[in-house]
S.K.: 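What follows is a single structure, and I will ask about it in a moment.
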Amino acid sequence: MFCDFSAPFLFIYSSEVPSLLYYSHVPTAIVALLFGLFIYFKNRNNLASKLLLTVTVLFFILNFLNLLSWVNVDSRIITTAWLTSQVVYFSLPIFLLYLHYVFLFKKNVKPLYRNIGFLTIVALTVMVALGLTMSYFNIISCELVETPILEIYQNIVFALVFVGISVSYFFRFRQIEEGKEKRGITIFTLGVVIFLALLIFTWQIASVFDFFELEQYGLFGMVIFLGFLGYLIVQYKAFDVKVFGAQALVFALVVLIGSQFFYIQNPTNRILNGIAFVLTLVAGYYLIRSVGMEVKRKEELQVLSDSLAVANDRLKELDTAKSEFISIASHQLRTPLTAIKGYLSLILEGSYGKVPPAIQDVLDKLYTVNNRLTQLVEDLLNVSRIEAGRIQYNFQPTHIEALAAELVDMFALNAKAKNLYLKIHLPKVALPQLMIDPNKIKEVMQNLIDNALKYTKEGGVDVIVENAGDTARIIIKDTGIGIKDEDKEHLFEKFIRSKETTKMVVSGAGLGLYVGKSFVEAHGGKIWAESEGPGKGSRFIIELPVVNPNVKQGVSDQVSALAPQEKK
Ligand code: ADP
C-alpha cells in the first residue's frame, strides 16, 4: 500500500515535507550522538558515560526511524519504522531514569530494579511483536493508529519514571551537604526533566490532536538537555571530563553553523555558510589551542601553589614550635637569674659582711652582666608573647615627663661611668596625662636610652619630651655611631643588628627595637630612627597619641583590643 501523496522516497529533500523536519531531526541526532561518543571516549570506564552514550544512541535511532516514517509513502516501511520506534521511544525514559540515578548517587542501581526496568522493555517488545500496539494503518492520513493498551502501558511507566526521578533527586538533595554538589544535581535533574517532558508531552499531544508536526519540537528537548550537560561538564567536571568553556563554545558554534546546511536551500547562502563554517573551524582550533595552553599553565601554577601552601604550613608549625621553645627556655632561665641578682645585691649591700674592694669590682661586673642577661631573657619572652598574641596592656593615665625623668636618673651613673652626658629636656607647658601602659613604654624608652649610651663613645645623650599637637613626642638623641640609610628600616625587625654594631662587640641580640615597635604600635603610636649617616649620631623618636585610640575614653584600666589576655 502506498499513501496517496507525493512524498519523496527516503531522504531526498522535498518541499512537501516540512523543513523543520530536517532541521529538528538530522542535526539534533548527530550532535547528540557525537556528544555521547565524545563523553564515552573521554572516560570509558564510567558507568554514567556508558549510559549517556546509550541514551544518545537510542535518541539517534528514534530520530532515524521517525524521519523514515515521515518521508516515506510505502506503508510497509512506515509500519516497520513506526513499530520499532515504539520500543526505542519507550526505552529512552527508562535509560534516562537509570542515568539520572547513577549520576546522582555515583553507583549502580540494585540488580532487582535493573531487572524490573529491563522487563518493562521486554514486555513492550513482546506487545509490539504480537501486534498489540497497532490498531490499523490509516492510508488516508498515511499513519499508523496505535492501540489504547499501548498508551495506557506507556503512561503508567512514564509516570513511574517521573516519580523515580523526583524521589531520587529529593533523597539525594537531603543527603549531600555541599552547596556546589546540590546545584550540580539540581541542574542535571532539571535537564533530564525538561528533555523527558518535552519528548513525552509533545508526543502525547501530537497523537491526541493528530498534530504530528508538534513532535519535531519535542526533539529540541535533547538540545536543551545537552546544553545543561555541557554546562555541568564545563563548570562541575561532570562525567569526570575536563572540557573548558572555549571548547564547548566552539563545538556549539560549529554544530549551529553546520546544521544550517540542512536548512538553507539557496546556493549563494550555502557557499556563504560554507565559508563561515570553515572560518569557525580554523578560528575555533586556534582559540582552543591557546586556551588549552592557558589552562595547562594555570594547572601547573595551581600544583605549585598547593605545594607552597603545604610548605608554608610546615614553616608555621616550626615557627610555633620555636616560639614555644623560646618561651619555655626563657621562663626556666628567669628564675635562677632573679636569684643571682638578689644574692648579688645582698652581698654588695654588705649583708654578708664587708666586701673587699677587689671583689667588689668583680661583683659589680657580675651584677651588670647578670642584668644584661636578665634583659635578654625578658626580650626573648616578650618576643614569644608578641608572636603568640599574649601581651596584656594595662593602660592608665601617666605623666610621660615624670617617666622620662625617672629613667634619666636611673641611667645617670651609667653615663657618668662612660664619661658621657645625659640630659633631659622637658616642654615648658606640661603635657596632659597620656593613657598608656607605663611599664611597657618605660621598657621601650629604657632600651632606647641604653642603646644610645651603648653605641656612643663620646659626647652624650639628650632625652627630649615635646608636645606635637595630637601627639607626645619623645626623642632620644645621641652623638654615637649613627645609622646607615639602608639599615634604618630593618633595625626594627627581629634579631637584626647593623654591621657596625656587630663589629663593636657590644652585647645585644637585636630584639629591643622589635619589641619596642610592637609595644608602641599597640598604643596607636609610631617609632622610627633618624640619622645623618655613620658617625653622625642617631635620633630615635616615639610618638604617642594624646588620646589613645586603643582605649575607650574614660576607661583607665583595660586590656588592649589588639592583644588578647596574657596567659601566665
Ligand atoms: P641590640 O641593641 O640588643 O642589638 P636593638 O633591637 O635594641 O638590639 O637594636 C637593634 C640594632 O639597632 C642594634 O644592634 C644597632 O645596630 C642599632 N641601633 C640601636 N640603637 C642605636 C643607636 N643609638 N645608634 C646606632 N645604632 C643603633
S.K.: Within a strict 4.5 Å, meaning less than it, do heavy atoms of the Lys418 and Val461 side chains meet?
M.R.: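 No - every pair of side-chain heavy atoms lies 4.5 Å or more apart.
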S.K.: Can you tell if the side chain of Pro427 reaches within under 4.5 Å of the side chain of Val465, non-hydrogen atoms only?
M.R.: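 SC-SC contact between Pro427 and Val465 confirmed.
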S.K.: Less than 4.5 Å apart, side chain to side chain, heavy atoms only: is that true for His490 and Glu493?
M.R.: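 SC-SC contact between His490 and Glu493 confirmed.
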S.K.: Hey, mind stepping through Leu513 and Leu448 against side-chain contact (heavy atoms from CB on, under 4.5 Å) and telling me if it holds?
M.R.: CA-CA 8 Å; Leu513 291 181; Leu448 292 182; 3.6 Å; yes
S.K.: Only one of Glu443, Lys440, Glu387 clears side chain to side chain donor-acceptor pair (under 3.5 Å) with Asn382; which?
M.R.: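 Per the side chain to side chain donor-acceptor pair (under 3.5 Å) rule, the option paired with Asn382 is Glu443, out of Glu443, Lys440, Glu387.
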S.K.: Taking the side chain as C-beta and beyond, is there a heavy-atom pair between Ile165 and Leu97 under 4.5 Å?
M.R.: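 In contact.
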S.K.: Just by modelled atom types, is the Leu431 backbone N or O under 3.5 Å from a matching donor or acceptor in the Glu401 side chain?
M.R.: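 Checking the backbone N and O of Leu431 against the side chain of Glu401, a donor-acceptor pair under 3.5 Å is found.
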S.K.: Is a side-chain donor or acceptor of Ser49 paired with a backbone partner of Asn45 at a separation under 3.5 angstrom?
M.R.: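 Side chain of Ser49 to backbone of Asn45: no pair is present.
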S.K.: Just do the side-chain contact (heavy atoms from CB on, under 4.5 Å) check on Lys354 and Gln360 with the steps written out, would you?
M.R.: CA-CA 9 Å; Lys354 200 165 161 24; Gln360 168 93 26; over 6 Å; no
S.K.: Just wondering, are more than 12 heavy atoms of other shown residues or ligands nearer than 6.0 Å to CD in Glu177?
M.R.: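 Not buried by this count: 12 neighbours or fewer within 6.0 Å.
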S.K.: Strictly by modelled atom types, are Gln446 and Asp450 linked by a side-chain donor-acceptor pair under 3.5 Å?
M.R.: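 Asp450 and Gln446 do not have a side-chain donor-acceptor pair below 3.5 Å.
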S.K.: Pairs under 3.5 angstrom only: tabulate donor-acceptor contacts from the side chains of residues 530-543 to other protein residues two or more places apart or in another chain.
M.R.:
residue: Glu530; atom: OE1; partner: Arg539; partner atom: NE; Å: 3.1
residue: Glu530; atom: OE1; partner: Arg539; partner atom: NH2; Å: 2.8
residue: Glu530; atom: OE2; partner: Trp528; partner atom: NE1; Å: 2.9
residue: Ser531; atom: OG; partner: Ile483; partner atom: N; Å: 3.0
residue: Ser531; atom: OG; partner: Ile483; partner atom: O; Å: 3.4
residue: Ser531; atom: OG; partner: Gly533; partner atom: N; Å: 3.1
residue: Ser531; atom: OG; partner: Gly533; partner atom: O; Å: 3.3
residue: Ser531; atom: OG; partner: Gly537; partner atom: O; Å: 2.8
residue: Glu543; atom: OE2; partner: Arg473; partner atom: NE; Å: 2.9
residue: Glu543; atom: OE2; partner: Arg473; partner atom: NH2; Å: 3.1

S.K.: Carefully, step by step, assess Val102 and Asn46 under the rule side-chain contact (heavy atoms from CB on, under 4.5 Å).
M.R.: CA-CA 10 Å; Val102 172; Asn46 187 322; 5.5 Å; no
S.K.: Does this structure show an ion pair linking Glu521 with Lys517, if we count only N-O contacts that are shorter than 4.0 Å?
M.R.: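 Lys517 and Glu521: salt-bridged.
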S.K.: Give a yes or no answer on whether the side chain of Ser351 reaches the backbone of Ile347 with a donor-acceptor pair at less than 3.5 Å.
M.R.: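 Side chain of Ser351 to backbone of Ile347, a donor-acceptor pair under 3.5 Å: no, none is there.
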S.K.: Looking at every heavy atom in both Leu420 and Gly460, which two are closest together, and how far apart are they?
M.R.: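 What the structure gives for the nearest pair is CB-CA, 4.1 Å.
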S.K.: Say whether, by atom type as modelled, one donor and one acceptor occur between the side chain of Arg385 and the main chain of Arg390 under 3.5 angstrom.
M.R.: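 No, because the side chain of Arg385 does not come within donor-acceptor range (under 3.5 Å) of the backbone of Arg390.
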S.K.: Any donor-acceptor pair under 3.5 Å linking the side-chain atoms of Arg372 with those of Gln375?
M.R.: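 No, no side-chain donor-acceptor contact under 3.5 Å.
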S.K.: Got a sec, which residues hit salt bridge (Lys or Arg N to Asp or Glu O under 4.0 Å) with Arg174, two or more places apart in sequence or on another chain?
M.R.: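 Checked Arg174 against salt bridge (Lys or Arg N to Asp or Glu O under 4.0 Å); zero matches.
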S.K.: Under the salt bridge (charged side-chain N to carboxylate O under 4.0 Å, His left out) definition, can you give me all pairs with a residue in residues 318-333, not counting sequence neighbours?
M.R.: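 For residues 318-333, and leaving out neighbouring residues, the salt bridge (charged side-chain N to carboxylate O under 4.0 Å, His left out) pairs sorted by first residue read Asp319-Lys322.
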S.K.: Does any part of the side chain of Asp462, heavy atoms only, come nearer than 4.5 Å to the side chain of Ile475, both counted from C-beta?
M.R.: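 No, side chains not in contact.
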S.K.: Walk me through it: do Asn108 and Tyr113 pass the test side-chain contact (heavy atoms from CB on, under 4.5 Å)?
M.R.: CA-CA 10 Å; Asn108 207 339; Tyr113 295 115; over 6 Å; no
S.K.: Using a 6.0 Å cut-off, check whether atom CD of Glu458 has over 12 heavy atoms from anything other than its own residue.
M.R.: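 At most 12 heavy atoms, drawn from other residues, nucleotides or ligands, come within 6.0 Å of this atom.
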S.K.: If only atom types and distance count, is the side chain of Thr471 paired as donor or acceptor with the main-chain N or O of Asn467 below 3.5 Å?
M.R.: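 No: the side chain of Thr471 does not pair with the backbone of Asn467.
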S.K.: Using every non-hydrogen atom in the two residues, find where Val546 and Leu434 come nearest and quote the distance to one decimal.
M.R.: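 Nearest pair, atom of Val546 first, then Leu434: CA-CD2, 3.7 Å.
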S.K.: With a 4.5 Å limit on heavy-atom distance, are the side chains of Phe492 and Ile527 in contact?
M.R.: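 Phe492 reaches Ile527 side chain to side chain.
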S.K.: Is it the case that more than 12 heavy atoms not belonging to Lys106 sit under 6.0 Å from its NZ atom?
M.R.: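 For Lys106, atom NZ is crowded (more than 12 foreign heavy atoms under 6.0 Å).
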S.K.: If you look at every heavy atom in Pro545 and His523, which pair is closest and at what distance?
M.R.: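 Shortest heavy-atom separation between Pro545 and His523 comes out as CG-O, 3.4 Å.
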S.K.: If you define the side chain from C-beta out and look only at heavy atoms, does anything of Ile233 sit under 4.5 Å from Ile39?
M.R.: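 Of all side-chain heavy-atom pairs linking Ile39 with Ile233, at least one is under 4.5 Å.
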S.K.: Got more than 12 heavy atoms from elsewhere within 6.0 Å of CG, Asp470?
M.R.: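 Open: at most 12 neighbouring heavy atoms sit under 6.0 Å from CG of Asp470.
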S.K.: Quick one, Thr398 and Ile441 - any side-chain contact, counting heavy atoms below 4.5 Å?
M.R.: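 No, side chains not in contact.
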